[in-house]
Amino acid sequence: MPKKRFYRARAHSNPLSDSQFPVPVKPDEFDWSEHFPAFFPATEPEDNAKDLKVRFADIGCGFGGLIVKLALLFPEKLMVGMELRDKVTEYVKERILALREQYKGQYENITVLRTNAMKYLPNYFEKGQLEKMFFLFPDPHFKEKNHRRRIISTALLAEYAYVMAIGGILYTITDVQELGEWMKSTLDSHPLFEPLTADELETDVCVELLSTATEEGQKVERNQGTTYRAIYRRIVAPKDPAGA
């Protein structure tokens, strides 16, 4: 397995900066077969391959702890971690390759992309494509002038709603109370999302992973810190074109 100490980078990057990496013009121009070779065998007819789509996205995936856990829970679902920091992305790539080599036939359903999800989600995903989106311990951007950089905002929720399937689940968690309240209130006020019920949260296998699968979550748990979750379902609004 790769060693994290060789891939360390700044904890956060400026999501409004213009980083240099290729971005597809539209979703059908991106070749996912390079990322999921076991799901896109060369002998399969091209029409069958077109039915395979990424369904889970971990936005700001860090060192990939969540998608590695989800890979075995949902072996038939293709999922991607999206990360802006180049060194961290490279670590996750090497980690996935090492896992595939060590556990033959497993971890073939996960991959990582270096990209800016705040700017380019519609370049990778079609309307209504994603079933789950994860935002774990995002940068709080404490200063008021930097609130526009927060990954959960009214404008960005409109984009997330576009790429999410009706009934899809959006997961957020933070250990910063003010940010937790911000994300919850922003989701509460958006017409295309509704909170999961207590019973639904109890039976959702992903909920526990929010606190335990990542480095940030494990650190908070070790320090006996408090976390704030906001978990919402994509719904159809009365005037939502997606529900037409």
Side-chain angles (χ1 to χ4, degrees), residues 1 32 35-36 38-39 51-83 92 95-96 98-100 102-113 117 121 125 128-138 151-152 157 160-161 163-175 179-180 183-184 187-188 192-236:
M1 297 295 293
W32 290 103
H35 293 264
F36 306 105
F39 284 81
D51 295 332
L52 292 169
K53 298 183 186 296
V54 170
R55 298 300 181 185
F56 295 3
D58 181 10
I59 309 302
C61 68
F63 290 97
L66 179 65
I67 58 172
V68 167
K69 295 288 187 181
L70 291 173
L72 300 183
L73 287 175
F74 301 92
E76 299 305 316
K77 297 289 186 180
L78 301 186
M79 54 191 80
V80 61
M82 307 185 101
E83 174 60 50
V92 180
R95 182 180 185 181
I96 291 172
L99 287 168
R100 289 177 178 178
Q102 187 173 356
Y103 303 97
K104 298 296 185 181
Q106 297 181 353
Y107 302 101
E108 300 287 350
N109 59 327
I110 58 175
T111 191
V112 65
L113 291 175
L121 272 186
F125 305 121
Q129 179 175 335
L130 296 178
E131 298 172 2
K132 293 183 183 295
M133 294 185 71
F134 299 89
F135 301 84
L136 276 55
F137 300 96
I151 198 69
I152 298 295
L157 284 179
Y160 304 155
V163 299
M164 290 187 74
I166 302 300
I169 309 298
L170 185 150
Y171 302 81
T172 76
I173 188 172
T174 180
D175 60 329
L179 179 61
M183 294 193 292
K184 184 180 185 304
L187 282 156
D188 278 336
L192 300 182
F193 292 93
E194 68 176 11
L196 267 63
T197 66
D199 288 342
E200 289 171 329
L201 292 174
E202 186 70 26
T203 58
D204 189 325
V205 297
C206 297
V207 171
E208 183 179 353
L209 293 180
L210 303 184
S211 301
T212 61
T214 66
E215 279 193 341
E216 294 90 342
Q218 293 163 9
K219 180 179 179 181
V220 173
E221 193 172 58
R222 286 195 304 270
N223 294 334
Q224 299 182 333
T226 302
T227 56
Y228 306 88
R229 302 181 313 202
I231 303 172
Y232 285 67
R233 177 187 296 104
R234 166 71 161 98
I235 61 174
V236 179

Inset, instruction - Calculate, to the nearest 0.5 Å, the distance between atoms CG and CG belonging to Leu52 and Asn109 respectively. - result: 11.5 Å
Inset, instruction - Start with the C-alpha gap between Leu157 and Leu192, add the side-chain angles, then the distance that decides, and say whether side chain to side chain contact (heavy atoms under 4.5 Å, CB included) holds. - result: CA-CA 8 Å; Leu157 284 179; Leu192 300 182; over 6 Å; no
Legend entry - Side chain to side chain, Phe36 and Val54, heavy atoms closer than 4.5 Å: yes
Legend entry - Gap separating the CD1 atom of Ile96 from the CD1 atom of Ile67, nearest 0.5 angstrom: 4.5 Å
Legend entry - Closest non-hydrogen atom pair between Asp204 and Cys206, with its separation: OD1-N, 2.8 Å
Legend entry - side chain to side chain contact (heavy atoms under 4.5 Å, CB included) assessment of Leu210 paired with Thr227: CA-CA 10 Å; Leu210 303 184; Thr227 56; over 6 Å; no
Legend entry - Step-by-step side chain to side chain contact (heavy atoms under 4.5 Å, CB included) determination, Phe135 to Tyr160: CA-CA 11 Å; Phe135 301 84; Tyr160 304 155; 3.6 Å; yes
Inset, instruction - For atom CD of Glu208, decide whether the heavy atoms of other residues, nucleotides or ligands shown that lie under 6.0 angstrom number more than 12. - result: no
Legend entry - Under 3.5 Å donor-acceptor, Glu194 side chain and Arg233 backbone: no
Inset, instruction - Please report the closest heavy-atom contact between Gly62 and Glu83, naming both atoms and the distance. - result: N-OE1, 2.9 Å
Inset, instruction - State, yes or no, whether a side-chain contact exists between Phe134 and Leu66 at a heavy-atom distance under 4.5 Å. - result: yes
Inset, instruction - Could you tell me whether the side chain of Ile59 reaches within less than 4.5 Å of the side chain of Leu121, counting heavy atoms only? - result: yes
Inset, instruction - Drop me the distance from Trp32's CH2 to Thr111's OG1, to the nearest 0.5 angstrom. - result: 7.0 Å
Inset, instruction - Give the intermediate values and the outcome of side chain to side chain contact (heavy atoms under 4.5 Å, CB included) for residues Leu78 and His35. - result: CA-CA 10 Å; Leu78 301 186; His35 293 264; over 6 Å; no
Inset, instruction - For Ala71 and Tyr107, work out which heavy atoms get closest and say how close. - result: CB-CD2, 3.8 Å
Legend entry - Minimum heavy-atom distance between Lys69 and Ala213, given as atom pair plus value: CG-CB, 4.0 Å
Legend entry - From CD1 (Ile169) to CZ (Phe193), nearest 0.5 Å: 10.0 Å
Legend entry - pair Met164-Leu170: side-chain heavy atoms closer than 4.5 Å: yes
Inset, instruction - Find out whether Val80 and Phe125 are in side-chain contact, i.e. whether some heavy atom of one side chain is under 4.5 Å from a heavy atom of the other. - result: yes
Inset, instruction - Identify the two heavy atoms, one from Arg95 and one from Gly65, that lie closest to each other, and give their separation to 0.1 Å. - result: NH1-N, 3.6 Å
Inset, instruction - Give, for atom OH of Tyr171 and atom CG of Leu136, the distance between the pair rounded to the nearest 0.5 Å. - result: 11.0 Å
Legend entry - Validation row: Leu179, Pro138 side chains within 4.5 angstrom (heavy atoms): yes
Inset, instruction - Show the numbers, then the answer: is there a side chain to side chain donor-acceptor pair (under 3.5 Å) between Lys184 and Tyr228? - result: CA-CA 9 Å; Lys184 184 180 185 304; Tyr228 306 88; over 6 Å; no
Inset, instruction - Please report the shortest heavy-atom distance between Met183 and Ile152, naming the atom on each side. - result: SD-CG1, 3.6 Å
Legend entry - Side chains of Arg55 and Phe74 in contact at under 4.5 Å (non-hydrogen atoms): no
Legend entry - Donor-acceptor contact present, side-chain Gln218 to main-chain Thr212, <3.5 Å: yes
Legend entry - Distance in Å, Phe137 CZ paired with Thr214 OG1, rounded so as to fall on 0.5 Å steps: 5.0 Å
Legend entry - 4.5 Å side-chain heavy-atom contact, Asp58 and Met79: no
